[in-house]
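Report on the following structure.
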Protein chains: 2
Amino acid sequence: MFVKKDPRHLYVQVIERLKKDIESGLFQEHERLPSEAKLSELLGVSRATLREALRVLEEEKVIFRKHGVGTFVTSQPMVLSGIEQLSSITTMIHNANMEPGTIVQNLSIIPLTEELTERFKTNDKKIVQIKRIRTADGEPVVYCVDHVLLECLPDGLESQLDASLFDTIERSGMTRIGQAVAEIEPISYHPEAFKALSCDTSQSLLSLSQEHFSEEGKMVLYSENYFRADKFKFHVVRRRV
Amino acid sequence: MFVKKDPRHLYVQVIERLKKDIESGLFQEHERLPSEAKLSELLGVSRATLREALRVLEEEKVIFRKHGVGTFVTSQPMVLSGIEQLSSITTMIHNANMEPGTIVQNLSIIPLTEELTERFKTNDKKIVQIKRIRTADGEPVVYCVDHVLLECLPDGLESQLDASLFDTIERSGMTRIGQAVAEIEPISYHPEAFKALSCDTSQSLLSLSQEHFSEEGKMVLYSENYFRADKFKFHVVRRRV
DNA sequence: ACCTCCCCAGACGTCAGACATCTGATTACG
DNA sequence: CGTAATCAGATGTCTGACGTCTGGGGAGGT
């Protein structure tokens with residue numbers, strides 16, 4: 001079953017395999033899995049390896065265990081994922097089976113305001129401001145104001161703004177964006193955004209102000225996104241600690 | 001270190017201990033942890049148990065490992081946490097150093113509508129509907145409409161609605177709420193909520209429609225919460241997969 | 001002096017087996 | 001018939017070993 005051709009670690013393969021088996025219905029909802037001893041034999045791995053995989057699945061709420069009783073499949077497969085998983089707007093639109101597009105409105109190197117200095121925690125860097133309208137199947141859905149460190153961008157910048165800013169940053173600068181902290185706010189009025197998205201004032205927009213960090217923990221991108229609430233649905237999977 | 005007085009499983013205690021050590025700065029950012037052999041000896045647990053704990057911490061992006069090299073602390077301790085961590089509104093208000101309060105508006109057993117049947121995926125259960133205004137330091141901040149399975153509630157219900165509905169459910173019904181899926185939406189107008197929170201129509205509310213699940217995966221609570229956006233700030237920590 | 005290749009210590013990954021502890025059901029006893 | 005003792009089986013923990021990968025240091029040739 002697990003040939004050595006797969007370079008990934010065994011426990012990762014076990015996680016994937018079990019998820020697939022659960023999703024395919026091989027293990028029914030709320031049903032007991034085989035005991036760890038039998039399951040490890042079944043999969044051809046040691047019980048220790050299997051247990052590491054099960055521990056991850058338990059953390060992800062895919063299964064739950066009762067000491068002395070057994071391991072059970074959580075009712076809701078919960079493949080659902082929301083904005084707690086970071087992805088670019090381009091990807092979000094793609095996942096909705098629509099075609100992402102971009103209208104660049106403004107691109108300029110701006111001086112460091114006090115607020116930006118505070119956010120980026122840097123002094124003598126140059127910041128690029130990008131204002132764009134993002135479209136899905138040609139229809140404007142998000143208004144974006146991005147601020148990014150100049151050093152994180154490649155040279156021929158204008159030609160690459162059609163694509164995801166994430167990709168542009170990651171392909172050029174050797175930095176990979178690892179996580180972001182987003183602040184969510186309803187916006188009852190914002191002239192620029194409303195005009196860009198051609199909304200009337202009876203609608204509300206949803207604003208996501210996001211600080212993006214590289215995997216080393218350096219802030220590389222600050223973006224303000226204004227979403228048309230009638231075009232986007234936002235979910236968050238909230239886990240109890 | 002780990003006395004048997006703690007009824008929780010060992011690996012849970014190890015996770016907690018390591019998180020505390022990292023947060024307290026005992027293990028510096030981006031620094032190598034002691035090897036698994038040494039660390040297990042240090043903590044007084046077996047390497048297998050330690051590894052299950054480390055596996056969870058790795059999944060939570062608190063640490064990362066390199067095969068053949070070592071285990072490292074991820075740069076961002078990110079003590080910040082947002083709504084991706086599920087907690088009751090009572091707890092949220094408490095964490096803001098304010099005094100939570102409750103005004104019960106309505107409490108009734110309602111018939112199962114088609115929508116509720118669909119949501120709860122159950123047929124012959126009784127559903128209790130609770131409409132409450134939640135206050136912080138006496139000021140109305142959230143309007144809540146909760147639907148909860150009658151079987152999950154204790155008998156003397158009315159007397160316990162001042163406290164968190166989470167606590168009420170968990171203390172009575174042997175069920176613990178494990179996760180929720182929230183849908184976030186800006187609300188430009190909602191008569192009941194606006195009246196309850198005495199807002200004017202120029203403001204926006206933020207609506208969280210949440211399906212709460214027990215650890216076994218059964219949906220036990222559906223709640224619609226309307227937050228005054230001027231009183232609440234919502235953050236989400238978004239992680240790249 | 002420099003580069004390359006090889007080797008090796010040490011780290012994480014995996015394995016095998018054993019014992020500990022908990023739970024639910026069955027059985028024995030009053 | 002009810003209660004307590006017992007037991008099988010499951011997850012939790014421990015021990016020791018070996019596999020595999022990585023980075024660095026040393027031997028050797030240029």
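All heavy atoms count here, side chains included; hydrogens, waters and symmetry mates do not. A note on names: the letters A, B, ... follow the listed sequences, proteins ahead of strands, and every chain is numbered from 1. In this text the structure is predicted, and so the values were computed from the model without any measurement.
- Judged by distance alone with a 3.5 Å cut-off, a donor-acceptor contact links the side chain of Arg47(A) to the base of dG12(D).
- When the P atom of dT22(D) is taken as reference, atom CZ of Phe64(B) falls 15 Å away, rounded to whole Å.
- Looking only at side-chain heavy atoms (C-beta outward), Val145(B) and Asn225(B) stay at 4.5 Å or farther from each other.
- An OP1 or OP2 oxygen of dC14(D) is reached within less than 4.0 angstrom by a side-chain nitrogen or oxygen of Thr49(B).
- Using a 4.0 Å cut-off, some side-chain N or O of Arg51(A) falls inside it from OP1 or OP2 of dG12(D).
- Here dT13(D) presents its P atom at 14 Å from CG of Leu54(A), a figure rounded to the nearest Å.
- At the phosphate of dG12(D), OP1 or OP2 sits under 4.0 Å from a side-chain N or O atom of Arg55(A).
- Going from atom CD of Glu52(B) over to atom P of dT11(D) covers 12 Å, rounded to whole Å.
- Rounded to an integer number of Å, the gap from CG of Leu43(A) to C1' of dC15(C) is 15 Å.
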Enumerate all atom pairs, one protein N or O and one N or O from nucleotides 7-11 of chain C, separated by less than 3.5 Å.
| unit_1 | atom_1 | unit_2 | atom_2 | d |
| --- | --- | --- | --- | --- |
| dG10(C) | N2 | Gly68(B) | O | 3.2 |

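- Whole-Å rounding puts the Ile15(A) CD1 to dG13(C) P distance at 12 Å.
- Taking only side-chain atoms of Leu10(A), from C-beta outward, the nucleotide of dG13(C), dT11(D), dC15(C) with the closest atom is dC15(C).
- Rounded to whole Å, the distance from CG on Leu50(A) to P on dA10(D) is 14 Å.
- Partners of Ser207(B) by side chain to side chain donor-acceptor pair (under 3.5 Å), not counting sequence neighbours: none found.
- Taking atom OH on Tyr11(B) and atom C1' on dT21(C), their separation rounds to 15 Å, with Å as the unit.
- Using a 4.5 Å heavy-atom threshold, the side chains of Lys61(A) and Arg239(A) count as touching.
- With respect to Glu60(A) and Lys19(A), a salt bridge is recorded, a charged nitrogen being found less than 4.0 Å from a carboxylate O.
- Residues satisfying the ring pair (Phe, Tyr, Trp, His ring centres under 6.0 Å) criterion with Phe232(A), sequence neighbours excluded, are Phe227(A), Phe234(A).
- At whole-Å resolution of the value, CD1 in Ile63(B) and C1' in dG13(C) are 14 Å apart.
- Between Arg65(A) and Glu36(A) there is a salt bridge, since at least one side-chain N of the basic residue sits less than 4.0 Å from a carboxylate O of the acidic one.
- Of the charged side-chain nitrogens involved, at least one lies within less than 4.0 Å of a carboxylate oxygen, so that Arg55(B) and Glu58(B) count as a salt-bridged pair.
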